[in-house]
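Heavy-atom basis, side chains included; hydrogens, waters and symmetry copies ignored. Since the model is a prediction, treat every value here as computed from it, not as a measurement. Here is the naming used below: chain letters follow the sequence lines, and residue numbers restart at 1 for every chain.
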There are 2 protein chains.
Amino acid sequence: MDAKDRQIIRALQANGRMTNQDLAAEVNLSPSPCLRRLRNLEDSGTLRGYSAEVDAKAYGLPITVFVRIRLERHNEDDVRRFESRIHAIDEVLECHVLTGASDYQLRVVVPGLDAYEDFIRHRIHPIGGIASIDTSFVYSTVKKTNVFPVID
Amino acid sequence: MDAKDRQIIRALQANGRMTNQDLAAEVNLSPSPCLRRLRNLEDSGTLRGYSAEVDAKAYGLPITVFVRIRLERHNEDDVRRFESRIHAIDEVLECHVLTGASDYQLRVVVPGLDAYEDFIRHRIHPIGGIASIDTSFVYSTVKKTNVFPVID
DNA sequence: CCCATATTGGCAGATAATGCCAAAATTTCA
DNA sequence: TGAAATTTTGGCATTATCTGCCAATATGGG
């Protein structure tokens with residue numbers, strides 16, 4: 001992982017579908033070594049994959065919610081149970097374990113407020129062992145980038 | 001936006017760099033109409049772009065933080081000032097306006113705890129007009145997907 | 001049931017990816 | 001410092017993919 005690899009990474013974070021030729025031009029390499037570096041980053045797991053960025057509203061999911069959840073008990077069984085149940089819920093796009101007052105933060109997308117109520121009542125509460133749920137709806141997004149800052 | 005378009009979107013959320021031929025095969029179309037639908041989704045802004053998913057730790061940014069910030073005043077000038085300053089900070093990958101106790105939630109990546117202290121002291125505090133800052137470090141990530149749930 | 005419109009599939013020329021080999025650059029060790 | 005060993009690079013030829021055009025098929029309205 002040198003500066004050139006990080007340059008390749010940032011270029012692909014900005015445009016994940018750019019051709020290898022364009023990528024090579026952007027990082028001042030010829031296509032062959034550029035492609036070899038790219039494959040190395042993929043094979044090593046540094047580059048986990050590629051994804052389309054989609055307008056959730058246009059797709060039909062206008063509501064994004066950050067949900068913070070604290071569990072009543074933190075024994076291994078309850079934690080594993082909660083996490084495996086979370087995994088199975090399609091509306092949950094992200095779930096992180098956090099420091100601070102809450103245990104988990106989820107990012108959830110739903111078609112409407114009624115669907116969010118359904119989600120909490122029929123997907124989250126039935127898991128059991130939940131001490132508290134704190135809901136924050138996203139009004140708007142001020143900034144969203146996938147490109148990491150330059151380091152070194 | 002029909003079921004086929006949503007199928008295309010989900011396929012590209014799962015693998016943003018798949019070839020048009022593979023995409024066409026996955027959604028049961030031949031390459032030409034598939035490409036035409038794809039371009040329409042891009043041109044309409046539904047497909048905003050494509051991005052590489054990167055292991056932040058392998059890149060050199062092992063610390064991810066969610067920061068919740070409340071402003072002292074909410075007049076137009078202070079809000080615009082805050083948001084434009086946030087835009088210019090490379091470590092801030094996301095900034096959302098939220099309902100609930102806080103005004104903003106940021107996702108920030110840094111190389112270490114010292115860099116986070118620097119970020120708060122030299123990037124956030126100097127903006128001024130900040131009532132409170134609540135920091136939650138990400139211990140681990142239980143789930144992370146880009147693929148939207150199937151709807152309709 | 002038929003017509004107008006939208007969508008699809010196949011084909012051909014242009015563009016891009018990929019594996020191989022020699023040349024250049026970098027590192028290692030005396 | 002200098003020379004060998006290793007790594008990385010660039011160019012080329014083959015293979016695969018993209019993309020624009022046209023006829024054929026499917027869809028929806030009267």
Against the side chain of A:Asn20, the closest entry in D:dT19, C:dA17, D:dG11 is C:dA17

Between D:dC18, C:dT18, C:dA16, spot the one nearest the side chain of B:Gln21, thanks.
D:dC18

Rounded to whole angstroms, how far apart are NZ on B:Lys4 and P on D:dT27?
11 Å

Look at the side chain of B:Leu35 and decide which nucleotide, out of D:dG10, C:dG9, D:dT19, has an atom nearest to it.
D:dT19

From C-beta outward on A:Leu29, which listed nucleotide comes closest to its side chain: C:dT8, D:dG10, C:dA17?
D:dG10

Atom-to-atom span, CG of B:Asp22 to C1' of C:dA17 - whole angstrom
14 Å

Find the distance A:Asp5:CG to D:dT7:P and express it as a whole number of Å.
16 Å

At 4.0 Å (heavy atoms only), tell me whether B:Ser32 reaches a base, stays on the sugar-phosphate, or touches nothing.
base

Would you say A:Gln7 and A:Asn28 are linked by a side-chain donor-acceptor pair, where the criterion is simply a distance under 3.5 Å?
no

Least distance between heavy atoms, A:Ile86 atom then A:Ile124 atom
CD1-CD1, 4.0 Å

Checking D:dT17, C:dG9, D:dT19 against the side chain of B:Pro31 (C-beta onward), the nearest is D:dT19

Whole-Å distance separating the CE atom of A:Met18 from the C1' atom of C:dT15
16 Å

Taking only the side-chain nitrogens and oxygens of B:Arg39, find out if one of them lies under 4.0 Å from OP1 or OP2 of D:dT19.
yes

In whole angstrom, what separates B:Arg36's CZ from C:dT5's P?
18 Å

Pairing residues for A:Glu76 by the side-chain hydrogen bond (donor to acceptor under 3.5 Å, both in side chains) criterion, not counting sequence neighbours
A:Arg80

Between A:Asp22 and A:Arg17, is the closest basic N to carboxylate O distance under 4.0 Å?
no

Atom pair distance, as rounded to whole Å: CG in B:Asn28 and P in C:dT8
12 Å

Whole angstroms only, please: what is the CD1-P distance between A:Ile8 and D:dT8?
12 Å

A:Asp2 atom CG is separated from C:dA25 atom P, nearest whole Å, by 17 Å

With sequence neighbours left out, what residues match A:Ser32 under side-chain hydrogen bond (donor to acceptor under 3.5 Å, both in side chains)?
none

Under 4.0 Å: is that the gap between some side-chain N or O of B:Arg37 and OP1 or OP2 of C:dT8?
yes

